[in-house]
S.K.: 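Structure below; questions to follow.
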Amino acid sequence: MTSELDIFVGNTTLIDEDVYRLWLDGYSVTDAVALRVRSGILEQTGATAAVLQSDTMDHYRTFHMLERLLHAPPKLLHQLIFQIPPSRQALLIERYYAFDEAFVREVLGKKLSKGTKKDLDDISTKTGITLKSCRRQFDNFKRVFKVVEEMRGSLVDNIQQHFLLSDRLARDYAAIVFFANNRFETGKKKLQYLSFGDFAFCAELMIQNWTLGAVGEAPTDPDSQMDDMDMDLDKEFLQDLKELKVLVADKDLLDLHKSLVCTALRGKLGVFSEMEANFKNLSRGLVNVATKLTHNKDVRDLFVDLVEKFVEPCRSDHWPLSDVRFFLNQYSASVHSLDGFRHQALWDRYMGTLRGCLLRLYHD
Amino acid sequence: MPGKLKVKIVAGRHLPVMDRASDLTDAFVEVKFGNTTFKTDVYLKSLNPQWNSEWFKFEVDDEDLQDEPLQITVLDHDTYSANDAIGKVYIDIDPLLYSEAATVISGWFPIYDTIHGIRGEINVVVKVDLFNDLNRFRQSSCGVKFFCTTSIPKCYRAVIIHGFVEELVVNEDPEYQWIDRIRTPRASNEARQRLISLMSGELQRKIGLKVLEMRGNAVVGYLQCFDLEGESGLVVRAIGTACTLDKLSSPAAFLPACNSPSKEMKESPLVHPPSHGCRSTHNSPIHTATGSRLTQNFSVSVPTLIYTGMGSGSAGKEGGPFKALLRQQTQSALEQRGGSPHRFCRRREFPFFTLTAFPPGFLVHVGGVVSARSVKLLDRIHNPDEPETRDAWWAEIRQEIKSHAKALGCHAVVGYSESTSICEEVCILSASGTAAVLNPRFLQDGTVEGCLEQRLEENLPTRCGFCHIPYDELNMPFPAHLTYCYNCRKQKVPDVLFTTIDLPTDATVIGKGCLIQARLCRLKKKAQAEANATAISNLLPFMEYEVHTQLMNKLKLKGMNALFGLRIQITVGENMLMGLASATGVYLAALPTPGGIQIAGKTPNDGSYEQHISHMQKKINDTIAKNKELYEINPPEISEEIIGSPIPEPRQRSRLLRSQSESSDEVTELDLSHGKKDAFVLEIDDTDAMEDVHSLLTDVPPPSGFYSCNTEIMPGINNWTSEIQMFTSVRVIRLSSLNLTNQALNKNFNDLCENLLKSLYFKLRSMIPCCLCHVNFTVSLPEDELIQVTVTAVAITFDKNQALQTTKTPVEKSLQRASTDNEELLQFPLELCSDSLPSHPFPPAKEHLESASSNSGIPAAQRATSVDYSSFADRCSSWIELIKLKAQTIRRGSIKTTVTVEKASPVGDGNFRNRSAPPCANSTVGVVKMTPLSFIPGAKITKYLGIINMFFIRETTSLREEGGVSGFLHAFIAEVFAMVRAHVAALGGNAVVSYIMKQCVFMENPNKNQAQCLINVSGDAVVFVRESDLEVVSSQQPTINCQSSCTEGEVTT
């Protein structure tokens, strides 16, 4: 006796959260059944393995049919085939678009292309995430990217509108899209200690302050309409950053800056002497990062540079985070007292974001 | 009454990409009705076109309006080649034809293609303007309402229940026409869908005409079925119960708010004044003036022949002479068919009712299940306009059912249904129902006496009345074991009662009920034509008998004494027959406590064997005890003295002997008078019997927190919460041809059903505590080694805490006591009457004798050998013999006493629990509930929008790509649900009640990567309002009720 056909269709589509998770995690039906058996469900319910097998198959089939709709979540809301309560719909979408930290760290900042997709095998082996799940996550990134790529307006809003994600998840996707678009390097060994959250935090600050959309008003000039408001860094701004060079190139200015900072922080910093000794190096590092951002290559290396030029030196001197905060605050603020320096607004736009990023990046 | 049909195509969405180059579609729409077609403009390059068309107007006859579906085809415009069809929508506009139902159909419909399934949606608005034209000779029956619900619909009151209506239409099946060889599968499927749609429209119109002829205005319990006879054609047949329904003007006014919706039904007809003939016209379902309405209510048309001449029998109708009279009437009436003095009696040949639940007082006594089957050889239907052959077949079966009922002393059959099973050219026709004695009140027109009776009847103790045997104790149609009713102690009751109806709402039940199934397979040799039919005919009696045996055993094992909702399906395949019986077992307080099951061995000298037997016996006893605990069956102890039991004949033991085809002559009459009272004896004499005992014990009870039944509601649970989940589950197993023995087959089938149930329990575990209601199993044998089981049911949650209460509230109990007292008052004329009651000569029918004989151990095969298959192959044993029943003694009261009783009790306490229903309150927009039940727990149905009756075909030539057979069928069923929901939503409804999947024919050809499936579903589209949304009674409500009861009083006097 073999079962040829075995289906269950409810007027309200049954969604088993546990099975959904197993499906999202890319387990085969057999593996999923084994995992469910291990969870002790048979003992709890008195069911048999055959029942579990049939149930799992059913759910997998349902999910498979839903997947097409999940690719365009608004479709899931308007379709008539599956009657699913709104709360369940939200859960389906949210879980489908959720991703693994380990996976996202692997592809963050990489081009979402076929080439990267070929590497998923390695990522799967490395992270222990099933290839199927890797593919889903990668395709999600790519799909969101494709949809919002050409769109104007707030990145987060666009994502939320077209994928009906929660605010939190939409922000994460905004970061992923932003990183993929600007191809920030995140995979270097010295960046391994950073979490996705760290990058996402930086991405948000950068989107808020360094992109075209951040300027506030949309550019009226029709040529610039092709520029994505939130996805690309403001080219003009990056160009202007060259002006900051004077802060380290002009020796007087640099000395003045140093003395201002040192005066303000004397006695307040545990690592004052180290700071004093390193000030010029640090300042040079931070300003040089800014001035190099006109080159795409250097934009990509932004995080590598920040870690190399600032995070690592401080960390090797064992600066506590509070001291880093004092220092950066004072370092940014003191520039306002430099009479010879005319790019205060530019400095604030640069340093305001950078300070936030650095503080977030500064941990073990 | 011609009309104007107006259609507007608004927009489309989610259309498929038809042009690969642009990834877009240039869509336009063709709107077709009858032979007229309109087209919209082409909306270029969009997957979400906005046509916003003008109103397309069709001027048509109402006959066409009823028959034809509106056909909407969405196409992709192609400049160079033929336009590609995207898909179609068929809209049945029937709901727009009755004034009380929907006024407009408007909404998003899935665009359906028989090859690709649903492909996007289209927004359509449909309206109908009907012109009144009363002078014309009516060919149409616009305005007759149809309900699938097998009880009086919730917001209606039955003025009269006229009786049985049936009709049958035949045609050639397009799939088997010569043209099918050259056309595409799509064209063929569409031709079939369209034909069936047309045929069911025509059928419905014809039934409507019959109803109008009977002066009814509605069909309740409408059941339409398709017989795909293959080469020989396509039959669409329908049965139903014609009624005159009165809409309760404000649904809230007369419906008491209580958790059990069935109670609404019970009370509403009583408290409602019957003299509402002159209500405003808009309420009148028929498009006639108020005057004719009045005539209708007060005309003297006699609803069923049985009651001819009974019109004035109000006074003594419950008296002894009544019964005699009734019998005479029944008989004479049945014979003088058509000779009635009344005009409207022509068609009442069959006193059948497709209803399964009734207004209180309607059902007087229940005799038992009657069924008839017949095996036919199909031949091509030569002339579609003359479906006489099929008509004659059914007439024959119905005649048989009628005579069975007569033999049980009953004049009517309730819970009646018909079905077929077809395999190649052999067809088994089956009909079954429950023989019953009905109260003529509802069958007559609302005369003055009728009203009076209504009032009187209300106070009669009907709690146990239906259990009392309807036939003569002295002329029992078969040996049965009778006792005095455990409730009233006055009347005789059988020891076991089987019925096809729902449990009457006023029945006293102890504990909870449970689903009981008997499953059986029998191998049969492959044969052709007549030899095949003979073989099947020969097998049928054995199957019936064994199915019954199983049911009885399982019932005893559960410690219960009655079955409700019994449905037996016999399915024929190439090389086997399958029998599946489902019913809900309960413990009726009025019936005696069932005895246990005793096992008797045949070879008593073998010691180990003895030991084995006693071990088995112990296991059985343990199971019974466990079940009693599980289902909370703890009837009050009643000592024998109280019961008294001066039963005239010696107590007959119910016996259970195996019928063995191979050694039937060896069956010996055993004296089974073991010491144990009422014990059922299982005689173990061969491995088969062993198997049986084992299978008895292998049936696993549902996990805790789960209950299941196949009736509308679960006896013993009355506090449903609002969460419901309707589902359909389909399983197909392939038998390995090696182990094809009866035993292996039985085991496979049993496992299939049990596993299916287990899966359901597991899947729905999040709903615990819950009950699977209306569990409906259907078995089919699509191919040689395939068994397909389809289950549709609804899981309903209930409140566990309250569920622990017993069914009867203290108030009810005291009422019950009061009524018992009343009955005692009524007793004084009993002696008199009983003397005057002539012992009725009651010649049992021939078949009936035969069937009775099978019960007493005479091999059924012997009587089934000489069969004439051409006309009527097998008169399979009816169920009569299986039901232990017995003639009723006399329970009579004079009019005087009943009047006293009437005064003693209030008109109905339901009045004070009324709620008003704001029609606007609709909290669940977008969600459409579906349920096979006639109600929605925790909600009130405020409007019936019309029936949904849909037929779909889906075919694929890329089975593997669509996920194999499971993926294909899963998607298709989901699509069918979606289309049903969309139609209901477009009608303005938010639920489908009495939903049923009547057919699910699945065929596959994996080698060719092909599969095809046909699904037929139906139900009633309704609007419901959550009880929590209902406002509390407005202050004038009681006054209104007062007035109405006053009016009632005036009319009755």
Side-chain angles (χ1 to χ4, degrees), chain A residues 1-19 29 33 36-37 41-69 71-72 74-89, chain B residues 13-14 108-110 117-118 121 700 703 724-736 739 744 747-748 751-752 755-756 758-766 786 788 794 927-931 963-971 973-979 981-982 985 995 1002 1004:
Chain A
M1 184 180 85
T2 48
S3 236
E4 285 274 300
L5 185 158
D6 178 5
I7 57 159
F8 174 99
V9 191
N11 183 37
T12 306
T13 307
L14 278 186
I15 310 283
D16 185 309
E17 288 185 40
D18 298 334
V19 184
V29 173
V33 170
R36 293 183 83 186
V37 168
I41 195 163
L42 295 185
E43 290 76 20
Q44 283 164 30
T45 58
T48 62
V51 165
L52 207 57
Q53 167 86 19
S54 135
D55 180 66
T56 312
M57 287 281 279
D58 244 336
H59 284 301
Y60 266 53
R61 210 165 29 239
T62 308
F63 298 143
H64 183 72
M65 285 191 260
L66 284 170
E67 190 164 22
R68 189 177 52 84
L69 298 163
H71 290 168
K75 267 194 189 164
L76 184 69
L77 259 64
H78 292 120
Q79 55 84 31
L80 303 175
I81 298 179
F82 302 96
Q83 186 160 270
I84 305 170
S87 61
R88 289 263 142 180
Q89 286 179 342
Chain B
R13 68 183 182 194
H14 304 152
W108 290 100
F109 292 89
I118 290 179
E121 291 122 37
V700 187
I724 64 171
Q725 167 70 290
M726 189 281 297
F727 59 84
T728 292
S729 187
V730 184
R731 273 194 191 188
V732 176
I733 57 160
R734 184 175 290 279
L735 304 158
S736 56
N739 61 359
K747 187 174 180 321
N748 278 333
D751 287 351
L752 172 61
N755 289 339
L756 189 46
K758 275 185 212 158
S759 265
L760 297 181
Y761 296 139
F762 180 76
K763 277 194 176 295
L764 298 163
R765 65 192 185 284
S766 65
L786 295 183
Q788 178 190 331
V794 62
V927 174
V928 175
K929 299 216 172 201
M930 289 168 77
T931 171
V965 284
S966 295
F968 170 71
L969 195 59
H970 190 147
I973 291 178
E975 285 174 343
V976 169
F977 286 1
M979 287 184 278
R981 288 193 302 256
Y995 168 82
F1002 179 72
E1004 57 168 322

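In what follows, chains carry the letters A, B, and so on, assigned in the order in which the sequence lines appear, proteins first and then strands, with residues in each chain numbered from 1.
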S.K.: Can you tell me if A:H71 has over 12 outside heavy atoms packed within less than 6.0 Å of its NE2?
M.R.: yes
S.K.: Which of the residues B:T931, B:I118, B:L969 is involved in the greatest number of heavy-atom pairs with chain A at under 4.5 angstrom?
M.R.: B:L969
S.K.: Would a 4.5 Å heavy-atom cut-off, applied to side chains only, mark B:S966 and A:R61 as touching?
M.R.: yes
S.K.: When heavy-atom pairs shorter than 4.5 Å are enumerated against chain B, which of A:T62, A:T48, A:D58 gives the highest number?
M.R.: A:D58
S.K.: With no hydrogens and no angle check, is any side-chain donor or acceptor of A:Q53 less than 3.5 Å from a backbone partner on A:V33?
M.R.: no
S.K.: Do you know which of B:Q788, B:M930, B:K763 has the most heavy-atom pairs under 4.5 Å to chain A?
M.R.: B:K763
S.K.: Where does B:L764 contact chain A at under 4.5 Å (heavy atoms): side chain, backbone, both or neither?
M.R.: side chain
S.K.: What part of A:D16 gets within 4.5 angstrom of chain B, counting heavy atoms only: side chain, backbone, both, or neither?
M.R.: side chain
S.K.: What residue, out of B:S729, B:G117, B:G967, B:P703, has the most heavy-atom pairs lying under 4.5 Å from chain A?
M.R.: B:S729
S.K.: Name the option with the most non-hydrogen atom pairs under 4.5 Å to chain A; the candidates are B:M726, B:Q725, B:E121.
M.R.: B:Q725
S.K.: Side-chain contact, heavy-atom cut-off 4.5 Å: B:E1004 with B:L786?
M.R.: yes
S.K.: Examine whether an atom of B:H14 lies under 4.5 Å from a heavy atom of chain A, and if so say whether it belongs to the side chain, the backbone or both; otherwise answer neither.
M.R.: side chain
S.K.: Could you tell me which of B:R765, B:R13, B:H970 has the largest number of non-hydrogen atom pairs under 4.5 Å with chain A?
M.R.: B:H970
S.K.: Between the side chains of A:R88 and A:T12, does any donor sit under 3.5 Å from an acceptor?
M.R.: no
S.K.: Report yes if the side chains of A:L80 and B:R981 come closer than 4.5 Å at any heavy-atom pair, otherwise no.
M.R.: no
S.K.: For the residue pair A:Y60 and A:F63, categorise the inter-ring angle as parallel (less than 30°), tilted (30 to 60°) or perpendicular (more than 60°).
M.R.: tilted
S.K.: Which region of B:Y995, side chain (C-beta onward) or backbone (N, CA, C, O), has a non-hydrogen atom less than 4.5 Å from a non-hydrogen atom of chain A, or is it both or neither?
M.R.: neither
S.K.: So what's closer than 4.5 Å to chain B heavy atoms on A:H78: side chain, backbone, both or neither?
M.R.: both
S.K.: As an exercise, state the distance from CG of A:L69 to CD1 of A:I84, rounded to the nearest 0.5 Å.
M.R.: 8.0 Å
